[in-house]
Amino acid sequence: MPYSNLTLSQPEPGLYLLTIDRPKALNALNAATLAELSAAIAEVRADEGARVLLVTGAGGKAFVAGADIAEMQGYTPEQARAFSAQGMAVMHAIEALPVPVIALVNGYALGGGCELALSCDWILASETAVFGQPEVKLGIPPGFGGTQRLTRLVGRAMALELLTTARQVKADEAVAIGLANHVYPAADLRARGLEMARTIAANGPVPVRVAKQCAQRGLDLDLANACVLETQSFALSFATEDQKEGMSAFLAKRPPRFSGR
Ligand code: CAA
């Protein structure tokens, strides 16, 4: 499907690359871009062969510079509520994708851009990445989940510091506080992201999806119940072809050829 504000490509079978591409506004998210994001995510979700989604920004300067301030400026509270709900739905849809989603943050990831990265499963940053929640400088709080996902990822104290000071964080600090997993030179970011995606895609598709689901859902449970969830998932995995293939291949000393069933 053709999009105006993003591209969705498959650089290799099973690997999707979603690139937000609105150069005139440093890839800022307006309602039209959010609608396209929603459709693109649905496309990935509908593909049983999908293994990993990479999300990045076009242009080399910004991942996403936030929600679109020009579009938001004249909003009534009701319009603001609808816009926030639309953004929240997109972030939830990304989080709920069965396959791992990796943000390749290649520049400014501010406000809604930081929130977009936070809705991905983890973040790889370029040396030029800059993270921040500058909304308080605009007279508003975050609206696409930043107060919640940032707090869950880096802890309450650091999240509140960033949310209330609007201090921007560069790539090295982002790794140090657990916001990003790794930092790479800007020219290498996409290749390193693809390399990681390839590694994931070579593993059993069913257990990769199950691991994501258990890790995500388990965080909303107490440890004992979360471990029951894992035991049930472990048990069910013995009904899959991926389990049979993975263990047979190991014992036969050959590489596995997973079917994802
Ligand atoms: N919305 C709309 N337009 C934006 C934008 C945004 N979030 N960020 C940048 N732009 C536009 C600029 O207005 C500018 O447009 P013109 O060329 O037409 O003037 C163009 O992109 C280039 O931006 P700058 O000239 O500002 O570039 P710079 O290199 O000087 O600065 C920047 C880059 C530091 C990222 C700066 O653009 C900036 O601070 N942007 C806003 C960041 C921000 O506050 N984001 C949070 C938005 S609120 C939000 O996201 C709420 C929420 O949670 C839902």
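No hydrogens, no waters, no symmetry mates; every other heavy atom, side chains included, goes into these values. Numbering starts at 1 and runs along the sequence shown.
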Taking all atoms of both residues into account, what is the closest heavy-atom pair of Leu6 and Thr33, and its distance? CD2-O, 4.4 Å
Is a donor from one side chain sitting under 3.5 angstrom from an acceptor on the other, for Ser259 and Glu241? yes
At what distance, to the nearest 0.5 angstrom, does CZ of Arg190 lie from CG of Leu54? 9.0 Å
So if I apply the side chain to side chain contact (heavy atoms under 4.5 Å, CB included) rule between Ser119 and each of Val55, Leu97, Val101, Ile94, which one comes out positive? Ile94
Qualifying salt bridge (Lys or Arg N to Asp or Glu O under 4.0 Å) pairs, either residue in residues 111-137, two or more places apart: Asp121-Lys212
Could you pull out all residues at least two apart from Val206 that satisfy side chain to side chain contact (heavy atoms under 4.5 Å, CB included)? Arg209, Val210, Thr240, Asp242
Could you report the tightest heavy-atom contact between Arg156 and Thr151, atom names first, then the distance? CA-CG2, 3.7 Å
Could I get the full list of salt bridge (Lys or Arg N to Asp or Glu O under 4.0 Å) partners for Arg192, not counting sequence neighbours? Glu195
Which residues share a salt bridge (Lys or Arg N to Asp or Glu O under 4.0 Å) with Arg254, sequence neighbours left out: Glu245
Got Ile177 and Met158 here, is their nearest side-chain heavy-atom distance under 4.5 Å? yes
Name all residues meeting the salt bridge (Lys or Arg N to Asp or Glu O under 4.0 Å) criterion together with Arg51; count only those two or more places apart in sequence or in a different chain, and write none if there are none. none
For residues 14-24, tabulate all N or O donor-acceptor pairs below 3.5 Å that involve a side-chain atom, not counting sequence neighbours.
unit_1: Tyr16; atom_1: OH; unit_2: Gln10; atom_2: NE2; d: 3.2
unit_1: Tyr16; atom_1: OH; unit_2: Asp47; atom_2: OD2; d: 2.5
unit_1: Arg22; atom_1: NH1; unit_2: Ala28; atom_2: O; d: 2.8
unit_1: Arg22; atom_1: NH1; unit_2: Asp68; atom_2: OD2; d: 2.8
unit_1: Arg22; atom_1: NH2; unit_2: Asp68; atom_2: OD2; d: 3.2

Residues, nucleotides or ligands: over 12 heavy atoms within 6.0 Å of Phe234 CZ: no
The side chain to side chain donor-acceptor pair (under 3.5 Å) partners of Tyr3 (sequence neighbours excluded) come to Glu43
Cluster check Trp122, Val130: I/L/V/M/F/W/Y, side chain < 4.5 angstrom: no
Taking the side chain as everything from C-beta on, heavy atoms only, tell me whether Val105 gets closer than 4.5 Å to Val64. no
Can you tell me which residue pairs pass the salt bridge (Lys or Arg N to Asp or Glu O under 4.0 Å) test with a partner in residues 73-91, sequence neighbours excluded? Glu78-Arg81
Applying side chain to side chain donor-acceptor pair (under 3.5 Å), name anything that partners Asp172, two or more places apart in sequence or on another chain. none
Glu173: partners by side chain to side chain donor-acceptor pair (under 3.5 Å), with sequence neighbours left out: Arg167
Sort and list the pairs that fulfil ring pair (Phe, Tyr, Trp, His ring centres under 6.0 Å) and have at least one residue in residues 126-173, not counting sequence neighbours. Phe83-Phe144
If we ignore angles and hydrogens, is there a donor and acceptor under 3.5 Å between the side chains of Thr128 and Ser126? yes
Can you list everything that forms a salt bridge (Lys or Arg N to Asp or Glu O under 4.0 Å) with Glu48? Sequence neighbours excluded, please. none
